[in-house]
Participant: 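Let me begin by handing over the structure; questions about it come next.
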There are 2 protein chains.
Amino acid sequence: MPEVRIDDHADASQERLEDATRLLREYLAGLGLKQSAQRDAILRIFLATRGHLSTEELHRLVKEHDATIGYTTVYRALKLFAECGLAAEVEFHDGVIRYEHRLNRRNHHHMVCTVCGDSVEFFSPEVEAIEHSIGEQFGYATTRHSFQIYGTCHACQIKQKEKSSAS
Amino acid sequence: MPEVRIDDHADASQERLEDATRLLREYLAGLGLKQSAQRDAILRIFLATRGHLSTEELHRLVKEHDATIGYTTVYRALKLFAECGLAAEVEFHDGVIRYEHRLNRRNHHHMVCTVCGDSVEFFSPEVEAIEHSIGEQFGYATTRHSFQIYGTCHACQIKQKEKSSAS
DNA sequence: ATTGCTGCAAACGATTTGCATGAGG
DNA sequence: CCTCATGCAAATCGTTTGCAGCAAT
């Protein structure tokens, strides 16, 4: 299980939270939707994470702060965040939808260890160029792409070597 | 709905089928598993397709040939094909697992229209290079990657334009 | 007041498994 | 014969929805 880290650099986080809250409110107002204390709480906790959370994982974190908030509310909040660009779906292709927040985050991709589930982020500007060039070539108006690398992380490679030499 | 095309270039297909059948038999034998008429039939029909089939779609094709073959058998056959390298999972991120066969197919990626679901295949050797370079950089032994581009195909762009100018 | 939000529970849909029966080695 | 494969039905599991009551505008 990859660990979920909480980011507590007070100053930068604070600013980020305010930006995000403002963005969310504007988005809601524009669609005639309403604010709620639950959404604010979920957003705050979501932004304080790094990494890639399933609805269930975020719900667990949220419950630690307010046990009355239900799974469905977290589920719908994440959809909302994704709609207004605060969150992006991350595709690890393990049957679970994960989200990461997109505030002050450079465009990046993920490499996932298929043994322990850990992941690292990497930057690869070429990939953006490929998206545009292929889109143009086939007459597609491209909106996004999905790129992941799968393999075995260094730690798991060592464990596997130990296991095989022991047997 | 993307259409499933049947490839009936008799000569090349025939050869391909024999290679694949041999590969499958060797794989089964190596694990102490057994051949069956159902698996042969499913493999034959699977190889005659192009594109990306869900279990259900392949089951539908298989039933046209032999209505007694059940969904579960097709499901398990596809897993088997994937294990022995005859098939690869294709990830379109729509909640359905799709497979494509991997005989005589260059490494390729997919660009998917998010409006009509159609897709085109493209080749991008740079992506392989990125996989290796990033893997090396972070100490991962990489095994594969997943790369898709999403957007709107030419036909759907036209339809959208017509719709918006009509309103 | 009206309309959206919440939280529960139930529905959903694809995938996966248990089991009795049938077939391959 | 023994083991695996099959096909049905049921279980699973994350996601999604319906609804009654609550809260925001």
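Reminder, nothing fancy here: chain letters follow the sequence lines and each chain counts from 1.
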Participant: Just how far, in rounded Å, is P of C/dA23 from CG of B/Asp66?
Facilitator: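 Between P of C/dA23 and CG of B/Asp66: 13 Å.
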Participant: Atom CD1 of B/Ile69 and atom P of C/dA23: how far apart are they, to the nearest Å?
Facilitator: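 Those two atoms, CD1 and P, are 13 Å apart.
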Participant: Round to a whole Å and report the spacing from CD of A/Glu83 to C1' of D/dT16.
Facilitator: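 Rounding to the nearest Å, CD of A/Glu83 and C1' of D/dT16 are 14 Å apart.
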Participant: Using atom CG of A/Leu28 as one end and atom C1' of C/dT6 as the other, report the distance to the nearest whole Å.
Facilitator: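 Atom CG in A/Leu28 sits about 15 Å away from atom C1' in C/dT6.
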Participant: Whole angstroms only, please: what is the OH-P distance between B/Tyr75 and C/dG13?
Facilitator: 19 Å
Participant: Of A/Ser36 and B/Glu56, whose closest DNA chain C nucleotide lies nearer the 5' terminus?
Facilitator: A/Ser36
Participant: Side-chain N or O of A/Arg39 versus OP1/OP2 of C/dT6: is the shortest distance under 4.0 Å?
Facilitator: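 Indeed, a polar side-chain atom of A/Arg39 lies that close.
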Participant: For a quick check, tell me whether the side chain of A/Arg76 and the base of C/dG4 share a donor-acceptor pair closer than 3.5 Å.
Facilitator: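 Answer no: no donor N or O sits under 3.5 Å from an acceptor.
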Participant: In whole Å, what is the span from the CG atom of A/Leu80 to the C1' atom of C/dT6?
Facilitator: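 To the nearest whole Å, that distance equals 14 Å.
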Participant: In whole angstrom, give the distance that lies between atom CG of A/Leu33 and atom C1' of C/dT3.
Facilitator: 10 Å
Participant: Do A/Phe92 and A/His110 have ring centres separated by under 6.0 Å?
Facilitator: yes
Participant: Taking only N and O in the side chain of A/Thr73, is any of them less than 4.0 Å away from OP1 or OP2 of C/dC5?
Facilitator: no
Participant: Please tell me if A/Tyr71 has a side-chain N or O lying less than 4.0 Å from either OP1 or OP2 of D/dT15.
Facilitator: yes
Participant: Is the distance between the ring centroids of B/His145 and B/His109 under 6.0 Å?
Facilitator: yes
Participant: If only side-chain N and O atoms of B/Lys79 are considered, is one of them under 4.0 Å from the OP1 or OP2 phosphate oxygen of C/dT16?
Facilitator: yes
Participant: Between B/Thr72 and A/Ile97, who's closer to the 5' end of DNA chain D by nearest nucleotide?
Facilitator: B/Thr72
Participant: Using every non-hydrogen atom in the two residues, find where B/Glu89 and B/Tyr99 come nearest and quote the distance to one decimal.
Facilitator: CG-CE2, 3.6 Å
Participant: Do the side-chain N or O atoms of A/Gln35 get closer than 4.0 angstrom to the phosphate oxygens (OP1, OP2) of C/dC5?
Facilitator: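 Result: no.
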Participant: More 5' along DNA chain C: B/Val96 or A/Gly32, using each one's nearest nucleotide?
Facilitator: A/Gly32
Participant: Which pair of heavy atoms, one from A/Tyr140 and one from B/Ser119, lies closest together, and at what distance?
Facilitator: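 Minimum heavy-atom contact is OH-CA, 4.0 Å.
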Participant: To the nearest angstrom, how far is A/Tyr99 atom OH from D/dG14 atom C1'?
Facilitator: 12 Å
Participant: Base, sugar-phosphate alone, or nothing: which one does A/Thr68 contact when heavy atoms must sit under 4.0 Å apart?
Facilitator: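 It contacts sugar-phosphate atoms only.
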Participant: C/dG7 phosphate, OP1 or OP2: any side-chain N/O from A/Gln38 under 4.0 angstrom?
Facilitator: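 Looking at the OP1 and OP2 atoms of C/dG7, one of them is under 4.0 Å from a side-chain N or O of A/Gln38.
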Participant: Side chains of B/Phe138 and A/Phe122, heavy atoms from C-beta outward: is any pair under 4.5 Å?
Facilitator: yes
